[in-house]
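Position 1 is the first residue of the sequence; numbering continues from there. Not measured: the values here are computed from a predicted model.
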Amino acid sequence: ALMWNFILAVVIAYLLMSALFENFLYPFIILFSVPLAAAGGFVGLLLVNLFIAYQPLDIITMLGFIILVGIVVNNAILIVHQTLNNIRESNMLPRDAITESVRTRIRPIYMSTITTVFAMFPLVIAPGAGSEFYRGLGSVVVGGLLISTVFTIFLIPALLSLFLDAGKALKTRFSRT
């Protein structure tokens with residue numbers, strides 16, 4: 001049942017970003033960070049199973065995946081939004097705008113990731129009564145956030161550059177005919 005909730009969370013996030021960006025393409029690029037986060041969540045859960053204690057894929061752990069959808073898109077939103085601002089307001093070329101947006105947004109991305117990871121880390125490693133209840137949620141969020149942040153810094157700018165170049169090529173091709 002929670003698989004459908006995960007899909008619903010992705011669809012709601014996409015529609016919300018589509019309304020905010022007034023475009024259907026940019027949210028699609030942003031949502032490429034979600035599969036990375038899901039893979040990182042499974043890696044985090046695997047590491048907990050190997051090194052700390054067995055943690056089943058229960059309802060609370062699945063809730064971690066749904067929470068992860070809302071958390072990991074923030075980093076990609078920062079990069080895409082700053083790139084669009086650089087293109088529109090500063091009249092920068094797309095590649096220069098992407099480079100500048102990553103340069104200016106990498107510090108806030110790392111700061112928010114580090115604070116979230118260190119805040120959730122006690123859920124993963126702290127022993128005690130009831131700790132096994134939230135250990136899965138913590139491991140999914142920590143693993144998913146770490147993996148998606150590392151790859152988002154490289155993947156989102158590359159995809160954004162690819163889509164902006166393709167859009168520019170399509171505009172010049174159709175403007176000639």
Side-chain angles (χ1 to χ4, degrees), residues 2-18 20-21 26-84 98-99 101-128 130-161:
L2 281 177
M3 179 185 74
W4 295 110
N5 289 349
F6 178 78
I7 292 170
L8 183 64
V10 170
V11 169
I12 288 172
Y14 175 77
L15 292 174
L16 181 64
M17 287 185 293
S18 295
L20 292 173
F21 280 111
Y26 300 127
F28 183 70
I29 295 169
I30 292 168
L31 285 181
F32 270 95
S33 61
V34 173
L36 298 171
F42 283 116
V43 167
L45 194 59
L46 176 71
L47 291 175
V48 163
N49 284 335
L50 289 175
F51 295 113
I52 297 177
Y54 175 71
Q55 179 62 44
L57 190 62
D58 57 2
I59 291 179
I60 302 296
T61 304
M62 286 297 296
L63 187 62
F65 283 103
I66 294 171
I67 292 169
L68 204 54
V69 171
I71 293 173
V72 299
V73 296
N74 293 335
N75 297 338
I77 288 172
L78 285 173
I79 293 172
V80 171
H81 185 266
Q82 187 64 38
T83 299
L84 295 175
I98 292 169
T99 304
S101 69
V102 171
R103 190 187 69 74
T104 59
R105 293 290 139 199
I106 197 165
R107 186 173 174 207
I109 287 171
Y110 284 151
M111 286 172 31
S112 66
T113 299
I114 288 170
T115 56
T116 305
V117 165
F118 280 127
M120 296 292 282
F121 205 61
L123 284 177
V124 179
I125 62 169
S131 65
E132 67 277 353
F133 192 64
Y134 290 109
R135 185 174 287 136
L137 182 136
S139 65
V140 165
V141 172
V142 168
L145 190 58
L146 285 174
I147 297 292
S148 77
T149 299
V150 168
F151 286 111
T152 296
I153 296 298
F154 302 107
L155 179 70
I156 297 302
L159 285 173
L160 189 57
S161 176

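- Checked against side-chain hydrogen bond (donor to acceptor under 3.5 Å, both in side chains), Ser101 has the following partners two or more places apart in sequence or in another chain: Thr83.
- Screening Leu78, Thr152, Ile156, Ile77 for a side-chain contact (heavy atoms from CB on, under 4.5 Å) involving Ile30 leaves a single residue, Ile77.
- Every residue was checked against the salt bridge (Lys or Arg N to Asp or Glu O under 4.0 Å) condition with Arg107, not counting sequence neighbours, and none meets it.
- Nearest approach of Gly144 to Val72, heavy atoms of both residues: O-CG1, 4.3 Å.
- Atom CG of Leu155 and atom CD1 of Ile29 lie 10.0 Å apart (nearest 0.5 Å).
- You'll find the side chain of Leu68 reaches within 4.5 Å of the side chain of Val140, heavy atoms only.
- Atoms OG and CD1, from Ser33 and Ile71 in turn, are 11.5 Å apart once rounded to the nearest 0.5 Å.
- Partners of Ile66 by side-chain contact (heavy atoms from CB on, under 4.5 Å), not counting sequence neighbours, listed by chain and number: Leu2, Asn5, Phe6, Ala9.
- Residues passing the ring pair (Phe, Tyr, Trp, His ring centres under 6.0 Å) test with Tyr134: none are found, sequence neighbours excluded.
- Thr104 meets the side-chain contact (heavy atoms from CB on, under 4.5 Å) test with Gln82, Glu100; sequence neighbours excluded.
- Scored by the side-chain hydrogen bond (donor to acceptor under 3.5 Å, both in side chains) test, Asp58 finds Thr61 as partners (sequence neighbours excluded).
- Within the structure, every pair that satisfies the ring-ring contact (aromatic ring centres under 6.0 Å, His included) test and touches residues 37-57, not counting sequence neighbours, is listed here: Phe42-Phe65.
- Applying the side chain to side chain donor-acceptor pair (under 3.5 Å) test to pairs two or more places apart or on separate chains, those with a residue in residues 64-78 are Asn75-Thr149.
- Separating the CZ atom in Phe28 from the CG atom in Leu159 is a distance of 9.0 Å, to the nearest 0.5 Å.
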Output side-chain donor-acceptor pairs under 3.5 Å for residues 114-124, partner residues at least two apart or in another chain, one line each.
unit_1: Thr115; atom_1: OG1; unit_2: Met111; atom_2: O; d: 3.1
unit_1: Thr115; atom_1: OG1; unit_2: Ser112; atom_2: O; d: 3.0
unit_1: Thr116; atom_1: OG1; unit_2: Ser112; atom_2: O; d: 2.8

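- Across every non-hydrogen atom of Arg135 and Ala126, the tightest pair is NH2-O, 3.7 Å.
- Counting only heavy atoms from C-beta outward, the side chains of Leu16 and Leu20 approach each other to under 4.5 Å.
- More than 12 heavy atoms of other residues, nucleotides or ligands sit less than 6.0 Å from atom CD1 of Ile7.
- Evaluation of the side-chain contact (heavy atoms from CB on, under 4.5 Å) rule for Phe133 yields Ile60 as partners, not counting sequence neighbours.
- Pairing each heavy atom of Gln55 with each of Glu132, the nearest pair is OE1-O, 3.2 Å.
- The stretch residues 136-159 participates, sequence neighbours left out, in no ring-ring contact (aromatic ring centres under 6.0 Å, His included) pair at all.
- Every side-chain contact (heavy atoms from CB on, under 4.5 Å) that Pro157 has, sequence neighbours left out, goes to Ile79, Ile98, Val102.
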